[in-house]
Colleague: 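A single structure is presented below for examination.
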Amino acid sequence: MNEIRRGTLQEQTFYEQVGGEETFRRLVHRFYEGVAEDPLLRPMYPEEDLGPAEERFTLFLIQYWGGPTTYSENRGHPRLRMRHAPFAVDRAAHDAWLKHMRAALDDLGLSEEHDRTLWNYLTYAAASMVNTEG
């Protein structure tokens with residue numbers, strides 16, 4: 001897990017440990033396959049094509065986990081709660097989001113430790129997006 005870079009010993013980022021960009025692209029693509037068919041979540045994506053949302057989410061996760069900073073270079077600070085504020089995100093939406101994310105994560109076949117680390121973040125992120133009762 002460690003490698004030598006410029007004469008110093010550095011641990012790999014989580015991004016590198018789980019397979020880099022390809023892993024996060026697979027995760028988010030599988031997630032949006034579920035969203036596309038979900039009657040509760042699909043209306044929260046006003047774009048006809050989910051591709052732009054998929055790309056934004058992929059770039060966000062890549063950056064968050066230690067990959068390239070393309071997301072911030074293109075969109076600035078994530079401001080996740082602000083960006084989601086126009087949408088009523090209740091407990092049902094939270095649960096549906098996590099259902100599709102859990103299926104996507106299961107498809108990756110990560111190690112138990114990596115799966116748990118990513119899942120803990122995703123459940124925290126989902127809970128922090130809830131902005132209405134229901």
Side-chain angles (χ1 to χ4, degrees):
M1 292 234 174
N2 294 331
E3 63 183 52
I4 302 294
R5 293 188 195 164
R6 297 190 190 111
T8 62
L9 187 63
Q10 293 184 347
E11 287 192 26
Q12 286 184 317
T13 63
F14 183 87
Y15 169 80
E16 293 166 325
Q17 290 173 23
V18 299
E21 181 175 346
E22 179 188 346
T23 298
F24 287 97
R25 288 203 177 277
R26 285 176 42 220
L27 174 71
V28 175
H29 183 72
R30 175 67 176 84
F31 167 75
Y32 275 104
E33 285 178 342
V35 168
E37 304 299 321
D38 190 292
L40 183 63
L41 295 181
R42 183 60 183 97
M44 292 185 184
Y45 296 86
E47 299 163 302
E48 182 69 27
D49 176 11
L50 288 173
E54 182 176 327
E55 183 66 9
R56 289 189 299 270
F57 190 28
T58 300
L59 292 176
F60 169 78
L61 289 176
I62 285 172
Q63 178 174 308
Y64 182 87
W65 290 104
T69 58
T70 309
Y71 179 91
S72 287
E73 291 164 14
N74 291 339
R75 296 186 49 87
H77 188 282
R79 292 177 173 65
L80 295 181
R81 286 187 57 82
M82 181 194 80
R83 293 187 197 271
H84 291 82
F87 306 100
V89 180
D90 61 10
R91 179 57 63 176
H94 164 275
D95 293 349
W97 193 92
L98 283 177
K99 177 183 80 170
H100 297 299
M101 191 51 77
R102 183 69 255 172
L105 190 51
D106 287 346
D107 281 357
L108 289 180
L110 298 177
S111 73
E112 186 178 326
E113 178 185 354
H114 289 132
D115 183 285
R116 184 173 49 253
T117 298
L118 192 48
W119 184 244
N120 286 346
Y121 167 75
L122 293 166
T123 56
Y124 166 79
S128 70
M129 293 301 120
V130 173
N131 60 18
T132 189
E133 296 293 320

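The chain is numbered in sequence order, starting from 1.
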Colleague: Has the side chain of Asn131 got a donor or acceptor atom that lies under 3.5 Å from a matching backbone atom of Val89?
Modeller: yes
Colleague: Considering residues at least two apart in sequence or located in another chain, which fulfil the side chain to side chain donor-acceptor pair (under 3.5 Å) criterion with Glu48?
Modeller: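 Side chain to side chain donor-acceptor pair (under 3.5 Å) check on Glu48 returns nothing, list empty.
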Colleague: Less than 6.0 angstrom separating the ring centers of Tyr45 and Tyr32, yes or no?
Modeller: yes
Colleague: Are the side chain of Glu37 and the backbone of Gly34 linked by a donor-acceptor contact shorter than 3.5 Å?
Modeller: no
Colleague: Any side-chain heavy atom of Trp97 within less than 4.5 Å of one from Leu122?
Modeller: yes
Colleague: Tell me the closest heavy-atom pair linking Ser128 and Ala125, and the distance in Å.
Modeller: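 Answer, listing the atom of Ser128 first, then Ala125: OG-O, 2.8 Å.
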Colleague: Checking Glu112 now: which residues fulfil salt bridge (charged side-chain N to carboxylate O under 4.0 Å, His left out) with it, not counting sequence neighbours?
Modeller: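 Glu112 satisfies salt bridge (charged side-chain N to carboxylate O under 4.0 Å, His left out) with Arg116 only.
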Colleague: Using the side chain to side chain donor-acceptor pair (under 3.5 Å) criterion, which residues pair with Thr123? Sequence neighbours excluded.
Modeller: none
Colleague: Arg91 and His94: side-chain donor and acceptor closer than 3.5 Å?
Modeller: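 The answer is yes; a qualifying pair exists.
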Colleague: Does the ring pair (Phe, Tyr, Trp, His ring centres under 6.0 Å) test come out yes or no for Tyr121 and Tyr64, once each step is laid out?
Modeller: CA-CA 10 Å; Tyr121 167 75; Tyr64 182 87; 4.3 Å; yes
Colleague: Just say parallel, tilted or perpendicular for the rings of Phe14 and Trp65, cut-offs at 30° and 60°.
Modeller: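 Rings of Phe14 and Trp65: tilted, as their planes differ by 30° to 60°.
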Colleague: Kindly write out the residues that satisfy side chain to side chain donor-acceptor pair (under 3.5 Å) with Arg30, not counting sequence neighbours, or none if the list is empty.
Modeller: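 For Arg30 the side chain to side chain donor-acceptor pair (under 3.5 Å) partners, ignoring immediate neighbours, are Asp107.
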Colleague: Ignoring hydrogens, what is the shortest heavy-atom contact between Met44 and Ala93? Give both atom names and the distance.
Modeller: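 Looks like CE-CB, 3.6 Å.
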Colleague: Of all residues at least two apart in sequence or in a different chain, which pass the side chain to side chain donor-acceptor pair (under 3.5 Å) check with Arg102?
Modeller: Asp106, Asp115
Colleague: Would you mind listing every salt bridge (charged side-chain N to carboxylate O under 4.0 Å, His left out) that reaches into residues 49-67, with sequence neighbours excluded?
Modeller: Arg25-Glu55, Glu47-Arg56
Colleague: Can you name the one residue among Leu40, Val28, Leu41 that meets side-chain contact (heavy atoms from CB on, under 4.5 Å) with Val35?
Modeller: Leu41
Colleague: Are His114 and Thr117 close enough that a side-chain donor and a side-chain acceptor fall under 3.5 Å?
Modeller: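 Side-chain D/A pair, His114 to Thr117: absent.
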Colleague: Indicate the atoms forming the closest heavy-atom contact of Trp119 with Met101, along with that distance.
Modeller: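 Of all heavy-atom pairs spanning Trp119 and Met101, the closest is CZ3-C, 4.2 Å.
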Colleague: If I compare all heavy atoms of Leu110 with all of Leu118, which pair ends up nearest, and what's the gap?
Modeller: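 Scanning both residues completely, I find the closest heavy atoms to be CD1-CD2, 4.2 Å.
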Colleague: Is it the case that Gln63 and Thr70 place a side-chain donor and acceptor less than 3.5 Å from each other?
Modeller: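 No, no side-chain donor-acceptor contact under 3.5 Å.
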Colleague: Counting N and O atoms only, with roles assigned by atom type, does the side chain of Ser72 sit under 3.5 Å from a partner on the main chain of Thr69, one being a donor and the other an acceptor?
Modeller: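 No, because the side chain of Ser72 does not come within donor-acceptor range (under 3.5 Å) of the backbone of Thr69.
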